[in-house]
Amino acid sequence: MPTDERFPDAIAVERMASFFGVQSAGKFQLRGLGTFVLSRSEIYFERLLPRKAFHIPIDSIIGVETPLSFLGKTRFNPLLKVVFTNAQGQPDAIAWDIPNREGLKSQIESLIEKKKNG
């Protein structure tokens, strides 16, 4: 099923997002391509191989950054890094090399602000 049908409320869909990992999983984890979906309620990312899905509720996001590296890995261009509180209540982060990173950063920051202001 195409992503657009699974996420009718998607604000943005990027099908060629390059996953750089989750901070809490450490440096030695698999990267990979996948689909990044931003909706009003969450960031959803599904890595293709090995298949794995990540859900980050907008309510749990602490901030958004565009560093040049993450977990010691770089492509020498800015990444989209999302800092959030994980299911265990601990600070965590996840990052991607993704087209339109600045636009996505602005959209995520806007959603965070809307959630804060009710």
Side-chain angles (χ1 to χ4, degrees):
M1 175 183 291
T3 303
D4 301 279
E5 291 175 18
R6 288 176 38 203
F7 297 96
D9 66 338
I11 296 168
V13 177
E14 294 284 350
R15 288 187 170 76
M16 294 301 292
S18 181
F19 177 66
F20 266 60
V22 178
Q23 188 170 347
S24 60
K27 291 183 178 187
F28 303 106
Q29 60 188 297
L30 293 175
R31 295 196 296 184
L33 292 176
T35 300
F36 175 101
V37 179
L38 174 62
S39 73
R40 295 187 200 308
S41 60
E42 73 173 338
I43 292 173
Y44 171 81
F45 176 73
E46 186 173 322
R47 186 181 59 202
L48 298 175
L49 294 173
R51 188 167 298 280
K52 184 171 182 177
F54 299 86
H55 296 268
I56 303 163
I58 298 299
D59 291 343
S60 73
I61 298 175
I62 300 164
V64 187
E65 304 169 13
T66 53
L68 288 174
S69 66
F70 185 71
L71 298 174
K73 301 170 187 147
T74 187
R75 287 214 179 134
F76 302 103
N77 60 302
L79 306 172
L80 178 67
K81 175 183 172 183
V82 175
V83 181
F84 64 99
T85 302
N86 65 24
Q88 293 73 38
Q90 299 298 312
D92 209 344
I94 188 169
W96 301 269
D97 183 7
I98 190 168
N100 189 27
R101 77 189 59 68
E102 288 299 331
L104 289 169
K105 180 179 184 285
S106 294
Q107 289 175 313
I108 295 166
E109 289 170 337
S110 176
L111 289 170
I112 293 168
E113 194 62 32
K114 284 179 186 174
K115 292 280 184 178
K116 281 184 189 174
N117 295 328

S.K.: Shortest non-hydrogen contact from Phe45 to Ala17?
M.R.: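 Heavy-atom minimum between the residues: CE1-CB, 3.8 Å.
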S.K.: Working to the nearest 0.5 angstrom, can you tell me the gap between Leu71 CG and Phe28 CZ?
M.R.: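 Answer rounded to 0.5 Å: 10.5 Å.
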S.K.: Between Ile56 and Ile108, is there shared hydrophobic-cluster membership here, with clusters defined by ILVMFWY side-chain heavy atoms closer than 4.5 Å?
M.R.: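 The answer is yes; both residues are in one hydrophobic cluster.
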S.K.: Taking the side chain as everything from C-beta on, heavy atoms only, tell me whether Phe20 gets closer than 4.5 Å to Lys81.
M.R.: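 Side chain of Phe20 against side chain of Lys81, heavy atoms only: no contact under 4.5 Å found.
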S.K.: Atom CG of Leu48 and atom CZ of Arg15: how far apart are they, to the nearest 0.5 Å?
M.R.: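 Leu48 CG to Arg15 CZ: 11.0 Å, rounded to 0.5 Å.
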S.K.: Side chains of Ile11 and Arg40: closer than 4.5 Å at any heavy-atom pair?
M.R.: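 When only atoms from C-beta onward are counted, Arg40 and Ile11 do touch, with a gap below 4.5 Å.
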S.K.: What distance do Asp97 atom CG and Asn77 atom CG have between them, rounded to the nearest 0.5 Å?
M.R.: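 It comes to 4.5 Å.
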S.K.: Nearest 0.5 Å, please: how far is CD1 in Ile58 from NZ in Lys115?
M.R.: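 Those atoms lie 7.5 Å apart.
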S.K.: Enter the distance from Arg31:CZ to Phe19:CZ here, rounded to the nearest 0.5 Å.
M.R.: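 If I round to the nearest 0.5 Å, the distance is 10.5 Å.
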S.K.: With distance as the sole test, does Arg47 use its side chain to make a donor-acceptor pair with the main-chain N or O of Pro50 at under 3.5 Å?
M.R.: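 Side chain of Arg47 to backbone of Pro50, a donor-acceptor pair under 3.5 Å: yes, one is there.
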S.K.: With heavy-atom distances below 4.5 Å as the criterion, would you say the side chains of Thr85 and Pro91 are in contact?
M.R.: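 Result no, sub-4.5 Å side-chain heavy-atom pair not found.
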S.K.: Of the non-hydrogen atoms in Phe70 and Ala93, which two are nearest, and what is the gap between them?
M.R.: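 Scanning both residues completely, I find the closest heavy atoms to be CZ-O, 3.7 Å.
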S.K.: Of the options Val37, Leu80, Thr35, Leu104, which is the one that meets Glu14 in a side chain to side chain contact (heavy atoms under 4.5 Å, CB included)?
M.R.: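 Going through Val37, Leu80, Thr35, Leu104 one by one, the side chain to side chain contact (heavy atoms under 4.5 Å, CB included) with Glu14 is satisfied by Leu104 alone.
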S.K.: Which heavy atom of Thr74 sits nearest a heavy atom of Ser69, and at what distance?
M.R.: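 Taking every non-hydrogen atom into account, CB-CB, 3.9 Å.
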S.K.: Can you find a pair of side-chain heavy atoms, one from Lys52 and one from Leu30, that are under 4.5 Å apart?
M.R.: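 Side chain of Lys52 against side chain of Leu30, heavy atoms only: no contact under 4.5 Å found.
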S.K.: Is a side-chain N or O of Ser39 found less than 3.5 angstrom from the main chain of Glu42, in a donor-acceptor match?
M.R.: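 Such a contact is found between Ser39 side chain and Glu42 backbone.
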S.K.: Closer than 3.5 angstrom, by distance alone: can the side chain of Lys27 be matched with the main-chain N or O of Lys73 as a donor-acceptor pair?
M.R.: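 No: the side chain of Lys27 does not pair with the backbone of Lys73.
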S.K.: Please examine the side chains of Ser24 and Gln88, heavy atoms only from C-beta on, and report whether any two atoms are closer than 4.5 Å.
M.R.: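 No, too far: nothing below the 4.5 Å cut-off.
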S.K.: Got a second to check how far Ser106's OG is from Glu109's CD, nearest 0.5 Å?
M.R.: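 It comes to 6.0 Å.
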S.K.: How about Ile61 and Ile43: do any of their side-chain heavy atoms sit closer than 4.5 Å?
M.R.: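 Yes, their side chains come closer than 4.5 Å.
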S.K.: Mind checking whether Trp96 and Phe36 have parallel, tilted or perpendicular rings, split at 30° and 60°?
M.R.: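 Plane angle over 60°, so perpendicular.
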S.K.: Pick out which of Val64, Ile112, Leu38 makes a side chain to side chain contact (heavy atoms under 4.5 Å, CB included) with Gln107.
M.R.: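 Filter result, single survivor: Leu38.
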S.K.: Can you tell if the side chain of Phe84 reaches within under 4.5 Å of the side chain of Ile94, non-hydrogen atoms only?
M.R.: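 They are in contact (side-chain heavy atoms under 4.5 Å apart), so the answer is yes.
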